[in-house]
Amino acid sequence: MSPYILAVICILLSACSFYETNAQLSANFYSSTCPNVSSIVQNVIQQALQSDARIGASLIRLHFHDCFVNGCDASLLLDNNATANIVSEKDAAPNTNSTRGFDVVDNIKTALESSCPGVVSCADILALAAESSVSLAGGPSWNVLLGRRDSRTANQAGANTSIPSSTEGLTNITAKFTAVGLNITDVVALSGAHTFGRAQCRVFSARLYNFNGTGNPDPSLNTTYLANLRQICPQNGSATALANLDPTTSDAFDNNYFANLQNNQGLLQSDQELFSSATTLSIVNTFSSNQNTFFQSFVQSMINMGNISPLTGTNGEIHSDCKRIN
């Protein structure tokens with residue numbers, strides 16, 4: 001029996017200890033209390049996409065950055081609040097001037113509060129928004145497991161140390177995934193979310209001009225791609241100028257990201273490193289040659305990530321405004 005099928009059975013039966021965090025999450029959690037939750041989320045994102053082609057990638061990144069810090073609890077969405085002793089994760093180094101889409105999350109929350117007041121958590125909104133963003137871009141659809149509740153605290157220090165960075169190397173990144181119960185296949189599959197979206201020049205410009213302090217570009221960069229990137233990000237140009245993470249199909253969710261890596265056209269250091277390590281190279285090749293295999297693995301990895309330490313039952317609360325505790 002394949003691990004994928006076994007994982008699905010474990011999820012359905014809540015019977016495997018590795019998947020025990022699923023025990024209180026369910027695809028049918030809102031079936032009686034907010035049956036249209038998925039379509040409400042998708043409608044708001046479809047509207048946002050009309051004026052912002054990159055919003056889907058931004059929304060999936062919010063879910064990722066939320067789950068890696070104290071679990072998938074919407075703590076990332078909380079603003080600073082001195083009275084409640086909340087120091088916002090939004091101001092942590094991986095998030096400040098980088099994470100975006102909070103306004104769309106607020107619009108989703110407003111729509112849900114209008115339809116099903118006090119029912120759907122902000123943590124579940126992030127999980128649902130990630131799925132809608134992928135499917136609307138041509139990627140796979142899946143039944144999102146739901147039932148998370150929202151945190152009453154934030155962890156800015158944790159956000160500074162727990163969120164993987166594009167420049168820290170595959171060993172460190174893998175360790176951060178392992179720390180939250182994810183494995184090397186999850187690393188490669190979830191990196192495949194870089195099949196859409198953008199990155200600011202400041203995140204990767206060292207690869208173009210001064211890789212690891214050498215005064216030279218990253219030798220693994222395709223030379224034509226390097227020249228193109230230098231046009232977008234000249235040496236003393238804007239640090240916030242944007243480059244497509246996938247230079248081939250920039251707004252579509254497909255497996256071209258992995259073919260890009262095979263052609264030395266990974267934008268971020270963490271992307272290209274997946275093709276230089278023996279442990280990940282074979283997975284990259286598999287995903288590049290078979291989009292369905294990538295989609296299946298991606299869905300399973302998203303479910304795995306969405307299961308990181310959720311607050312369930314009577315823990316946490318259902319925020320009425322995702323920016324603040326009740």
Side-chain angles (χ1 to χ4, degrees), residues 11 22 24-67 71-79 90 99-151 193 196-197 251-253 295 298-299 302-303 305-308 310-313 315-326:
I11 287 162
N22 291 337
Q24 292 164 299
L25 298 184
S26 158
N28 303 314
F29 190 80
Y30 297 113
S31 59
S32 60
T33 54
C34 196
N36 297 323
V37 59
S38 295
S39 58
I40 291 170
V41 171
Q42 182 157 314
N43 288 341
V44 174
I45 296 174
Q46 271 181 308
Q47 192 157 6
L49 281 166
Q50 303 303 312
S51 57
D52 183 0
R54 58 193 277 239
I55 192 62
S58 300
L59 290 169
I60 196 172
R61 188 162 178 254
L62 290 182
H63 184 41
F64 173 55
H65 281 214
D66 179 43
C67 290
C72 309
D73 62 359
S75 58
L76 169 61
L77 304 178
L78 293 171
D79 284 343
K90 294 178 183 178
T99 47
R100 60 192 296 279
F102 297 106
D103 54 333
V104 177
V105 173
D106 288 338
N107 291 344
I108 294 169
K109 184 61 173 173
T110 300
L112 286 169
E113 287 300 302
S114 168
S115 191
C116 330
V119 171
V120 181
S121 69
C122 299
D124 279 346
I125 287 173
L126 291 180
L128 287 161
E131 189 278 337
S132 283
S133 296
V134 170
S135 61
L136 287 169
S141 300
W142 65 95
N143 290 324
V144 180
L145 298 181
L146 301 165
R148 301 167 192 80
R149 288 165 65 85
D150 298 325
S151 176
F196 65 171
D251 296 323
F253 197 98
F295 281 4
F298 181 79
V299 166
M302 286 297 291
I303 291 169
M305 186 178 77
N307 287 332
I308 299 171
L311 296 170
T312 57
N315 295 315
E317 62 186 24
I318 308 298
H319 294 333
S320 51
D321 177 343
C322 294
K323 297 184 296 296
R324 53 185 64 90
I325 60 174
N326 294 345

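Since we're looking at a predicted model, the values are computed, not measured.
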Is the backbone N or O of [Y] less than 3.5 Å from a side-chain atom of [X], with the two atoms forming a donor-acceptor pair by type?
{"X": "R149", "Y": "N315", "answer": "yes"}
{"X": "S115", "Y": "L112", "answer": "no"}
{"X": "D150", "Y": "I318", "answer": "no"}

Shortest non-hydrogen contact from [X] toward [Y]:
{"X": "F29", "Y": "L146", "result": "CB-O, 3.6 Å"}
{"X": "L78", "Y": "H319", "result": "CD2-NE2, 3.8 Å"}
{"X": "P310", "Y": "L25", "result": "CG-CD1, 4.0 Å"}
{"X": "S141", "Y": "S135", "result": "OG-CB, 3.3 Å"}
{"X": "Y30", "Y": "V119", "result": "CE2-O, 3.4 Å"}
{"X": "N143", "Y": "A27", "result": "CB-CB, 4.0 Å"}

Hey, what do you get for [atom1] ([X]) to [atom2] ([Y]), rounding to the nearest 0.5 Å?
{"X": "L76", "Y": "F64", "atom1": "CG", "atom2": "CZ", "answer": "12.0 Å"}
{"X": "S133", "Y": "I60", "atom1": "OG", "atom2": "CD1", "answer": "7.0 Å"}
{"X": "S121", "Y": "K109", "atom1": "OG", "atom2": "NZ", "answer": "7.0 Å"}
{"X": "I125", "Y": "D106", "atom1": "CD1", "atom2": "CG", "answer": "9.0 Å"}
{"X": "I325", "Y": "S320", "atom1": "CD1", "atom2": "OG", "answer": "10.5 Å"}
{"X": "E131", "Y": "L136", "atom1": "CD", "atom2": "CG", "answer": "8.0 Å"}

Does any part of the side chain of L126, heavy atoms only, come nearer than 4.5 Å to the side chain of V105, both counted from C-beta? yes

For residues 35-44, which side-chain N or O atoms pair as donor and acceptor with protein atoms under 3.5 Å away, sequence neighbours left out?
{"unit_1": "S39", "atom_1": "OG", "unit_2": "N36", "atom_2": "O", "d": "2.9"}
{"unit_1": "N43", "atom_1": "ND2", "unit_2": "S39", "atom_2": "O", "d": "3.2"}

Could you go through the side chain to side chain contact (heavy atoms under 4.5 Å, CB included) check for R100 and I55 one step at a time? CA-CA 8 Å; R100 60 192 296 279; I55 192 62; 4.2 Å; yes

Assess whether atom CD of Q46 is packed by more than 12 heavy atoms of other residues, nucleotides or ligands within 6.0 Å.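 More than 12 heavy atoms, drawn from other residues, nucleotides or ligands, come within 6.0 Å of this atom.
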
Looking at D103, I want to see if its CG is surrounded by more than 12 non-hydrogen atoms of other residues, nucleotides or ligands under 6.0 Å.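 Above 12, so yes.
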
Against D79, only a single residue in K323, R324, K90 fulfils side chain to side chain donor-acceptor pair (under 3.5 Å); can you say which? K90

Which word best sums up how the rings of F253 and F196 line up, parallel for under 30°, tilted for 30 to 60°, or perpendicular for over 60°?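 The arrangement is perpendicular - the two ring planes meet at more than 60°.
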
Can you tell me which residue among D52, L49, L59, L62 is in a side chain to side chain contact (heavy atoms under 4.5 Å, CB included) with V104?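 By the side chain to side chain contact (heavy atoms under 4.5 Å, CB included) criterion, V104 pairs with just one of D52, L49, L59, L62: L59.
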
Does the pair V120 and T33 meet the rule for a side chain to side chain contact (heavy atoms under 4.5 Å, CB included), with working shown? CA-CA 9 Å; V120 181; T33 54; over 6 Å; no

salt_bridge(D66, R148) N-O dist < 4.0 Å: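 No, no charged N to carboxylate O under 4.0 Å.
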
